[in-house]
Amino acid sequence: MTLSIIRSKPSYAPLAWDAEGRTHLLAAHGDGGEALLRLLAAPPRAPIVVRYASDPLDASDRSALLALAAPDYQGFDTIAALLDDLRVDLDGGRMGMRLYLAGSERFVWTASRMAAGFGLCADEIRREHCGSPARAVYCVHCKTIAPEVRTNVVTCPGCTRPLMVRDHYSARLAAYMGFQVDAELPGTVPAIESPYA
């Protein structure tokens with residue numbers, strides 16, 4: 001009997017145009033702007049809409065370049081503002097729209113979940129993870145999400161349990177699962193490393 005391993009950690013490919021798209025909606029945050037600029041270097045003839053939220057911690061703001069590259073460009077100071085506008089774009093979308101997302105995993109999957117709510121299927125959404133490998137971690141014990149985790153063990157900000165950061169990813173929650181690391185042997189915590197730095 002062969003056991004198959006279920007892999008839930010997302011895999012990504014560089015963004016590429018979908019030739020069957022009638023309209024193209026591009027949204028990115030922070031380092032994801034580079035992916036959009038690369039994509040916009042050879043645009044299709046179909047209409048293109050670009051939405052970008054700069055990252056205040058990132059010195060290389062791509063807003064000006066994206067505004068030059070796309071006639072229908074809108075910039076935002078926060079991800080929340082970008083997602084509010086993206087909701088309006090998706091609500092007004094028509095059959096044949098393709099969505100291209102680039103940025104942190106949390107941004108990409110939050111926007112993907114929103115798009116699915118407007119009827120876009122997986123084949124109509126392209127995703128590229130850009131920037132920090134830091135993870136959002138969902139505590140399975142208290143349901144708190146710890147953002148920007150860079151270590152293999154993290155203290156939950158909700159219940160203060162030491163959590164082991166797993167490779168199990170939930171697209172619905174836009175986070176990796178975290179389980180109490182010392183549940184069976186209290187106080188036994190492995191060496192803390194920084195694999196997501």
Side-chain angles (χ1 to χ4, degrees), residues 1-13 27-35 51-60 76-87 90 99 101-118 120-122 125-197:
M1 178 170 122
T2 304
L3 294 175
S4 61
I5 297 173
I6 299 171
R7 301 189 192 285
S8 64
K9 187 175 185 303
S11 61
Y12 301 94
H29 169 251
D31 288 335
E34 291 298 323
R51 305 294 183 244
Y52 175 70
S54 56
D55 186 344
L57 302 176
D58 183 3
S60 53
F76 302 92
D77 293 330
T78 66
I79 291 175
L82 184 154
L83 291 173
D84 285 343
D85 194 76
L86 188 61
R87 188 174 285 110
L90 291 166
L99 177 62
L101 301 168
S104 69
E105 276 186 314
R106 186 137 178 87
F107 165 73
V108 165
W109 289 99
T110 299
S112 293
R113 189 174 62 247
M114 182 191 327
F118 283 95
L120 267 71
C121 66
I125 304 171
R126 305 284 184 273
R127 300 172 195 89
E128 183 174 338
H129 175 219
C130 303
S132 169
R135 295 178 166 190
V137 178
Y138 174 81
C139 175
V140 301
H141 308 287
C142 75
K143 300 178 177 26
T144 298
I145 294 180
E148 298 293 315
V149 173
R150 299 175 189 282
T151 56
N152 61 328
V153 177
V154 64
T155 299
C156 174
C159 65
T160 69
R161 287 181 171 100
L163 304 177
M164 174 61 73
V165 179
R166 308 296 303 211
D167 272 346
H168 179 75
Y169 189 79
S170 168
R172 182 181 66 80
L173 298 169
Y176 290 87
M177 299 295 101
F179 300 88
Q180 184 172 346
V181 71
D182 63 346
E184 293 180 10
L185 295 170
T188 307
V189 177
I192 297 177
E193 300 169 355
S194 299
Y196 320 117

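Values below: all heavy atoms of this structure, side chains included; hydrogens, waters and symmetry mates excluded. Throughout, residue positions are numbered sequentially from 1 according to the sequence presented.
Closest approach of A115 and I125 over heavy atoms only: CB-CD1, 3.9 Å. Residue W109 comes nearest to A171 through the heavy atom pair CE3-CB, 3.5 Å, listed as atom of the first residue, atom of the second, then distance. Counting all heavy atoms, side chain and backbone alike, L82 lies closest to A27 at CD2-CB, 4.2 Å. Among all heavy-atom pairs drawn from K9 and R135, the shortest one is CE-NH2, 3.1 Å. In this structure, S194 and T151 approach most closely via the heavy-atom pair OG-CG2, 3.7 Å. In this structure, A35 and A102 approach most closely via the heavy-atom pair CB-CB, 3.8 Å.
Within the model, atoms NE2 of H129 and CG of L101 stand 13.0 Å from one another, a figure rounded to the nearest 0.5 Å. Here the OH atom belonging to Y138 is positioned 7.0 Å from the CE atom belonging to M177, to the nearest 0.5 angstrom. For the atom pair L90 CG and D85 CG, the distance stands at 9.5 Å (nearest 0.5 Å). Distance check, rounded to the nearest 0.5 Å: OG of S104 to CD1 of I79 gives 5.0 Å.
More than 12 heavy atoms of other shown residues, nucleotides or ligands fall within 6.0 angstrom of atom CG in D84.
Looking at heavy atoms from C-beta onward, R51 lies out of side-chain contact with L83 at the 4.5 angstrom threshold. For the pair L99/L86, a side-chain contact is recorded, criterion being any heavy-atom separation below 4.5 Å from C-beta on. For the pair V153/P190, a side-chain contact is recorded, criterion being any heavy-atom separation below 4.5 Å from C-beta on. Looking at heavy atoms from C-beta onward, N152 lies in side-chain contact with I192 at the 4.5 angstrom threshold. R106 places a side-chain heavy atom less than 4.5 Å from the side chain of I145. Between Y176 and R166 the shortest side-chain heavy-atom distance does not fall below 4.5 Å. Residues R127 and S112 are in side-chain contact: their nearest non-hydrogen atoms beyond the backbone lie under 4.5 Å apart.
The residues R150 and E148 are annotated as salt-bridged, a charged nitrogen and a carboxylate oxygen being separated by less than 4.0 angstrom.
Between the side chain of D182 and the main chain of G187, a donor-acceptor pair closer than 3.5 Å is present. Counting only distance, with no hydrogens or angles, the side chain of H29 and the backbone of F107 share no donor-acceptor pair below 3.5 Å. Of the possible polar contacts, none joining the R161 side chain to the C156 backbone as a donor-acceptor pair under 3.5 Å is found.
No side-chain donor from either of E105 and Y169 sits under 3.5 Å from a side-chain acceptor of the other.
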